[in-house]
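Below: the structure, in structure tokens.
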Number of protein chains: 2
Amino acid sequence: MKENSPKGVKEIARRANVAIATVDRVIHNRTGVSAKTREKVKKVIAELDYQPNLLASRLASGKIITLAVLIPSVTDETDFWDAPLRGIQRAEQEISQYGVKVESYFFSLKDPKSFTAQTTKILKAGVDGIVLSPSFISEAEIFVAKCKEREIPFVFIDSNLPDQPSLSYIGPPLFQSGYLAGRLCTYSLNEGSKVVLLNITKALDSYTYKQIEKGFRAYFSDQKHSLTILRVDIHQTDFKSVANQLQTLFAKNPTTAAVFVTNSRTSLVARYLDGAPFPKKPILVGYDLVKDNRSFLAKGTIDFLICHQPEDQGYRSVMALYQSLVFSTKINKEYYMPIDIVTKENQAYYRN
Amino acid sequence: MKENSPKGVKEIARRANVAIATVDRVIHNRTGVSAKTREKVKKVIAELDYQPNLLASRLASGKIITLAVLIPSVTDETDFWDAPLRGIQRAEQEISQYGVKVESYFFSLKDPKSFTAQTTKILKAGVDGIVLSPSFISEAEIFVAKCKEREIPFVFIDSNLPDQPSLSYIGPPLFQSGYLAGRLCTYSLNEGSKVVLLNITKALDSYTYKQIEKGFRAYFSDQKHSLTILRVDIHQTDFKSVANQLQTLFAKNPTTAAVFVTNSRTSLVARYLDGAPFPKKPILVGYDLVKDNRSFLAKGTIDFLICHQPEDQGYRSVMALYQSLVFSTKINKEYYMPIDIVTKENQAYYRN
DNA sequence: TATGGTTCCGGGTACGTACCCGTAAATTTA
DNA sequence: TAAATTTACGGGTACGTACCCGGAACCATA
């Protein structure tokens, strides 16, 4: 019952009549092999459909692969990035068994300089691969240019810079996500009323918001709805400012039937709606099952949250790099997360 | 910069003044070590917070872990199980690198005997762990009893036998899933109309359908809806029979406003609805983004599909066994999949 | 005390690959 | 054509763990 035939490089060496070291050179395209020998060995490798034993390989090399993760820090304003971080840590734990280390770097969403500072650290640390959220476009572009120069692969998480040579983008399909938001806004909607598209943000990450807005508008033009879309930008993220602006908004537009918040700050609107008297509460649609949104969803103030499995985004980003570096697996340039609809009824089982 | 301190068992052996083999005996609780020595070694292991190098361990042992998967085969009637199978194969591919083999066994949902026949094969093959869908309750109970006897761990996928000593159940939270179905049926619903709960199945897997039905009814009693829930069972799964029964059903109940199909055969109803004249098409809610359902969802005949990430179920089932066997990771007795709402707008990005 | 049987323990090799080092052969240079 | 390089290749050890095998120490019995 025992398979006594030697395996791997040893068998290749035997069949090709060369030393193991030579086989090794061929496998790793190293120099020091004549063209003739190289061909001979390659042929045997192909014949045997040789698959290197990764256990042995990693063990022998002793090398530790280091990955860097660069994402926004969790703040009291939003804990959105807590979820990707959890996924990243889960991935880390899984692959740490196999000689891979993951180092996390955090920057402040309020401060592009903190982003750049961290990129410097990462480059100095000399890592083998990078996961990053390119929240600040021009800063990120500078960084990835340097990565490319150094041949360090990187993947974008949650938001994308489509024209950059990233290994992959792992995040939501923004246009379609906005499109679905349109649909969700129109459940039990009477014709002729107004719909508000609400950006609450300091730094308008143009690409992300633009794509969402395009999708949102596309839904209504596809449906030939006759209602008005009112786009409102609020550049303050504290509750008071938001409440003030909403006050004015609703005073001017009493027939507002739905509000779509383009990011996770949906709870700010919910909080306002809960405190204001409405004959018929507008439908509220937003993003992300963050802590502050949870209770409003449970209460019914928020009707729908669109989510893109942030934890899984973190997990997959790290794993994509790992797969690429260790197994040389081909990675899709775009990996779109599903567009999940989270409601009061299914939120308990949503894996954030 | 080089860490020259010996690692692992060697270092333990040095510190405890014993041979490597003795350390090995202690680690694997083998016999042949005096109580005194054992204690001494254990102390050193604790001090060093020793983590075995899995690469080296798996390499040296050379053992191949074999897992068996027992699921229904894909038929032309439903390709639901294609998705879990894909997930299983993805997992297999990932861990085959590390000396794990996965063997798939298929049975026919129409024939309990085929299930039993495959279980016999599996036991004969002598595997280290099993993933199974316990579609036939009593047959499955007999099988898992044997597994328990032989101390072979097993996990249930997609449907559960709660009282059995499984390592884990990986599948949907059925009650809550039915509950959400209730909610989905009531979008744009006028009071006073009827809702149909429709089971189209030959073998009524009592536990699964009962749980879904309970959840479905619970929603309506929670909402204090005044409408009637009409439960209908159709025991034939071919289109003609189903169409006939639906004909009678709708003739008798013209005010039917929504139909909830409790499994993936939703497309049969959609096909009927498409061909029948309706003043107002009832809302159609069902399960699973299988091939036959896709086009009806895109057309709008099916309004909502509830899905539980079947591919991921397959992936996670295999990985749970792997984690448990290789890393001795603790596995949750229940791992509930999220309850996803799939619509025309987000189906393109749904990872089935 | 000799004999036989346990119990306990250490030496040593193997797993499949990476890579250092030394040397023979081929090539260039003088 | 001999010497100096360069190129090509093989021997051999190491990675950290598993496990075989053989020997010493201990114990019991006659």
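Naming convention: chains lettered A, B, ... in sequence-line order (proteins, then strands); numbering from 1 in each chain.
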Taking only N and O in the side chain of [X], is any of them less than 4.0 Å away from OP1 or OP2 of [N]?
| X | N | answer |
| --- | --- | --- |
| T22(B) | dC9(C) | no |
| T37(A) | dA8(D) | no |
| R30(B) | dC19(D) | yes |
| S57(A) | dA18(C) | yes |
| K40(A) | dC9(D) | no |

task: Would you classify R38(A) as touching base, sugar-phosphate or nothing, given that sugar-phosphate means primed atoms plus P, OP1 and OP2, and contacts are heavy atoms under 4.0 Å?
output: nothing

field: R86(A) NZ/CZ over Y315(A) ring centroid, <6.0 Å and within 45° of normal
entry: no

field: Candidate pair F156(B) and Y169(B), rule ring pair (Phe, Tyr, Trp, His ring centres under 6.0 Å), full reasoning
entry: CA-CA 5 Å; F156(B) 290 133; Y169(B) 159 63; 7.7 Å; no

- prompt: In terms of the nearest nucleotide of DNA chain D, which residue is placed more toward the 5' end: R25(B) or Y50(B)?
  reply: Y50(B)

L55(B) vs T31(A), nearer the 5' end of DNA chain D by closest nucleotide: T31(A)

Which whole-number value in Å describes the distance from [X] [atom1] to [N] [atom2]?
| X | N | atom1 | atom2 | answer |
| --- | --- | --- | --- | --- |
| K63(B) | dC20(D) | NZ | C1' | 14 Å |
| I64(B) | dG16(C) | CD1 | P | 10 Å |
| K10(B) | dG10(C) | NZ | P | 16 Å |
| K7(A) | dA14(C) | NZ | P | 17 Å |
| I20(A) | dG11(D) | CD1 | P | 9 Å |
| N53(A) | dA18(C) | CG | P | 9 Å |
| N17(A) | dG10(D) | CG | P | 8 Å |
| H28(B) | dC20(D) | NE2 | C1' | 15 Å |

- line: Closest to the side chain of A56(B), out of dT17(D), dG10(C), dC8(C), is dT17(D)

- prompt: V33(B) has a side chain; which of dG10(D), dG16(C), dC9(C) sits nearest to it?
  reply: dC9(C)

message: I want to confirm an ordering. Mapping A60(B) and A21(A) to their closest nucleotides on DNA chain C, which one lands closer to the 5' end?
response: A60(B)

- prompt: Can you check side chain to side chain donor-acceptor pair (under 3.5 Å) on Y335(B) and R351(A), steps first, answer last?
  reply: CA-CA 11 Å; Y335(B) 185 98; R351(A) 309 235 165 233; 3.3 Å; yes

field: Under 3.5 Å donor-acceptor, D128(A) side chain and T66(A) backbone
entry: yes

message: Can you tell me how the ring of Y98(A) sits relative to the ring of Y98(B), calling it parallel under 30°, perpendicular over 60° and tilted otherwise?
response: parallel

